Amino acid sequence: MNAEGGGELALAGGKPVLPSLAPVDWPRTTDADRAAVLAVLESNVFVSDRAGLTAVERLERSWAEFLGVRRCVGVSNGTTAIELALLAHGVGPGDEVVVPALTFVGTAMAVTHVGATPVYADVDPVTFTMSPRSLSAAFTERTKAVIPVHLHGLSADIAAITDLARSRGCAVIEDAAQAHGARYHGVPCGAFGNTATFSLQMTKNLPTCGEGGLVVTNDDSVADSLVQLRQFGELIRPDQPRRYVSHRLGFNAKLSNVQAAYTGSQLERFPAYHAARRKNVAAFLARLGNLPGLVCPSEPEGYEHAWHILRFVVDLDRLFPDLSTAAARTLLMRALRAEGVPATRYQMMPLADQPALRSLCQQEPAWPVTQDVIDRSFTIQQRHLPPDAGPLLQRFADAIEKVWSNLAVLEKGAVS
Ligand SMILES: Cc1ncc(COP(=O)(O)O)c(C=O)c1O
């Protein structure tokens with residue numbers, strides 16, 4: 001235990017481990033990123049509305065090559081990416097799509113945007129990703145697709161999920177919004193053979209300077225549909241001028257060249273950032289493994305975590321037997337934040353309980369693990385995990401150790 005482990009809690013008036021709550025420090029913009037964006041401004045080619053080697057097409061090629069997939073289509077954001085992928089797979093009104101009960105609300109909202117109904121599967125208590133067993137129970141004759149989410153940067157059990165979905169004739173659309181660089185038994189997330197979607201929103205591991213999304217697939221007909229759907233249903237032919245003829249109902253969901261150029265530049269450094277984050281997080285978690293009642297996020301055998309979000313599950317009933325779970329969680333998070341650790345909650349409720357989605361859900365609640373994980377965990381998010389965050393994460397470890405060595409003080413209500 002670090003020497004600071006014995007100090008008085010900041011919540012009780014002691015000196016905090018960090019002078020203030022760690023600031024948001026992401027994305028990192030370099031001169032190369034600025035030059036890439038400036039080159040677009042100077043080119044005057046801002047939109048990707050015609051074929052040709054624009055910044056969008058360069059990014060699409062680079063990301064497809066990075067993953068080892070045939071096609072990549074840039075779109076306006078990660079939610080639209082899921083929506084267009086569903087449409088390209090023929091999902092529509094009357095269909096059901098299984099999503100995990102624990103994910104960002106955009107996963108399920110994209111399903112509603114195409115007129116289909118989200119159905120929820122519970123998650124695994126260790127990986128926090130869709131449980132194949134719960135998926136099996138969620139299938140009905142109306143199920144048309146499954147969206148496993150590689151949550152927090154860890155691949156879902158994609159082989160098992162794909163087998164189950166294909167045996168029911170369902171499409172699999174992987175929501176890899178949080179999982180750039182993650183791998184499943186050596187295969188990059190997004191390259192498993194399904195259609196997969198990524199977000200480039202600025203908090204993501206591969207960010208843009210705003211909003212953006214990418215869809216990848218090995219299926220040319222899916223990719224061609226996506227290109228049409230993102231641009232008013234038009235056919236965009238290489239080396240031909242735009243004709244303004246719409247062959248199907250589509251959207252204006254194009255990615256801008258400014259956003260694409262910024263991400264393309266970030267992609268050059270992405271492997272180094274990914275490696276640094278993995279090293280920093282491993283050293284951080286190694287400090288915390290023995291704290292009683294704290295379950296650190298882990299990397300199952302054969303998986304490569306992208307560490308987008310770190311979720312810690314706490315045995316609150318054991319550590320604070322006299323407090324309700326919610327009161328204990330709030331107290332613990334206040335103590336951590338007072339020491340400078342930016343502990344936050346990620347997802348306040350199972351997706352089906354979101355007010356906007358509640359009335360659409362006809363299922364009996366069947367997501368006890370999701371509820372338990374949400375009740376008993378706190379997270380540290382990517383915006384605090386930049387590539388040079390190694391020393392900062394060690395300070396977080398000091399602070400967490402300090403709070404843990406003062407649990408009795410917290411428990412007795414000696415702080416208010
Ligand atoms: C799991 C997941 N799916 C979908 C999205 C939606 O992406 P975007 O914000 O780019 O629309 C996000 C974004 O946070 C996400 O985390």
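Given the structure is predicted, the values throughout are model-derived calculations rather than measurements.
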The criterion is salt bridge (Lys or Arg N to Asp or Glu O under 4.0 Å); which residues satisfy it with Arg168, sequence neighbours excluded? none
Does the ring centre of Phe270 sit less than 6.0 Å away from the ring centre of Phe66? yes
Between Gln178 and His152, is a side-chain contact (heavy atoms from CB on, under 4.5 Å) present by the stated rule, with each step listed? CA-CA 6 Å; Gln178 302 184 1; His152 304 155; 4.1 Å; yes
Hey, is CZ on Arg133 packed in by over 12 heavy atoms from elsewhere, all under 6.0 Å? no
Is there a donor-acceptor contact under 3.5 Å linking the side chains of His308 and Gln382? no
Closer than 3.5 angstrom, by distance alone: can the side chain of Ser167 be matched with the main-chain N or O of Leu164 as a donor-acceptor pair? yes
Polar side-chain atom of Thr379 near backbone of Gln381 as donor-acceptor pair, under 3.5 Å: no
Do Asp33 and Arg28 meet the salt-bridge criterion of a basic N to acidic O distance under 4.0 Å? no
Go through it in stages, so that I can follow the logic: the residues are Gln201 and Asn77, the test is side-chain contact (heavy atoms from CB on, under 4.5 Å), and I'd like the CA-CA distance, side-chain angles, deciding distance and then a yes or no. CA-CA 7 Å; Gln201 189 257 354; Asn77 59 65; over 6 Å; no
Examine distances only and state if a side-chain atom of Thr143 and a backbone atom of Thr140 form a donor-acceptor pair shorter than 3.5 Å. yes
Within 45 degrees of the axis of the six-membered ring of Tyr346 and under 6.0 Å from its centre: does Arg311 put its NZ or CZ there? no
SB check Lys144 Glu96 (cutoff 4.0 Å): no
Any donor-acceptor pair under 3.5 Å linking the side chain of Ser76 with the backbone of Gly212? no
Is it true that a side-chain atom of Thr208 and a backbone atom of Glu211 form a donor plus acceptor pair closer than 3.5 Å? no
With salt bridge (Lys or Arg N to Asp or Glu O under 4.0 Å) as the criterion, how do Arg61 and Glu57 come out once you've worked through the C-alpha distance, each side chain's angles and the decisive distance to 0.1 Å? CA-CA 6 Å; Arg61 288 185 188 180; Glu57 191 165 332; 2.9 Å; yes
Validation row: Leu267, Tyr273 side chains within 4.5 angstrom (heavy atoms): no
Take the angle between the ring planes of Phe198 and His180 and call it parallel below 30°, perpendicular above 60°, tilted in between. tilted
Would you list the atom pairs, donor with acceptor, under 3.5 Å between side chains in residues 153-163 and any protein atom, with sequence neighbours excluded?
residue : atom : partner : partner atom : Å
Asp157  : OD1  : Tyr184  : OH           : 3.2
Thr162  : OG1  : Ile158  : O            : 2.7
Thr162  : OG1  : Asn194  : ND2          : 3.2

Can you measure from NE2 (His305) to SG (Cys189) and round to the nearest 0.5 angstrom? 10.0 Å
Closest approach of Thr195 and Ala85, non-hydrogen atoms and distance? CG2-CB, 4.0 Å
Under the side chain to side chain donor-acceptor pair (under 3.5 Å) criterion, do Asp122 and Ser131 qualify, and how do the steps go? CA-CA 6 Å; Asp122 207 358; Ser131 146; over 6 Å; no
Can you tell if the side chain of Ile147 reaches within under 4.5 Å of the side chain of Val98, non-hydrogen atoms only? no
With the threshold set at 4.0 Å, does a side-chain nitrogen-carboxylate oxygen contact exist between Arg376 and Asp372? yes
Contact between Leu310 and Phe284 at the side-chain level, heavy atoms closer than 4.5 Å - yes or no? yes
Run the side-chain contact (heavy atoms from CB on, under 4.5 Å) check on Thr117 and Val111 step by step: do they pass? CA-CA 6 Å; Thr117 305; Val111 175; 5.8 Å; no
Kindly indicate whether the side chain of Phe128, heavy atoms from C-beta on, has any atom under 4.5 Å from the side chain of Ser377. no
Side chain to side chain, Thr197 and Leu214, heavy atoms closer than 4.5 Å: no
For residues 322-333, tabulate all N or O donor-acceptor pairs below 3.5 Å that involve a side-chain atom, not counting sequence neighbours.
residue : atom : partner : partner atom : Å
Ser324  : OG   : Ala327  : N            : 3.1
Thr325  : OG1  : Asp317  : OD1          : 3.4
Arg329  : NH1  : Asp375  : O            : 2.9
Thr330  : OG1  : Ala326  : O            : 2.8

Is Asn406 reaching over with its side chain to a backbone N or O of Val409, donor-acceptor style, under 3.5 angstrom? no
Should the pair Arg278-Glu299 be classified as a salt bridge under the 4.0 Å nitrogen-to-oxygen rule? yes
Go through it in stages, so that I can follow the logic: the residues are Arg230 and Glu60, the test is salt bridge (Lys or Arg N to Asp or Glu O under 4.0 Å), and I'd like the CA-CA distance, side-chain angles, deciding distance and then a yes or no. CA-CA 14 Å; Arg230 77 172 169 189; Glu60 290 171 342; 2.9 Å; yes
Short N-O contact, Asp220 and Arg71, less than 4.0 angstrom: yes
Go through the steps for Leu351 and Phe104 under the test side-chain contact (heavy atoms from CB on, under 4.5 Å), then give the verdict. CA-CA 8 Å; Leu351 225 50; Phe104 180 66; over 6 Å; no
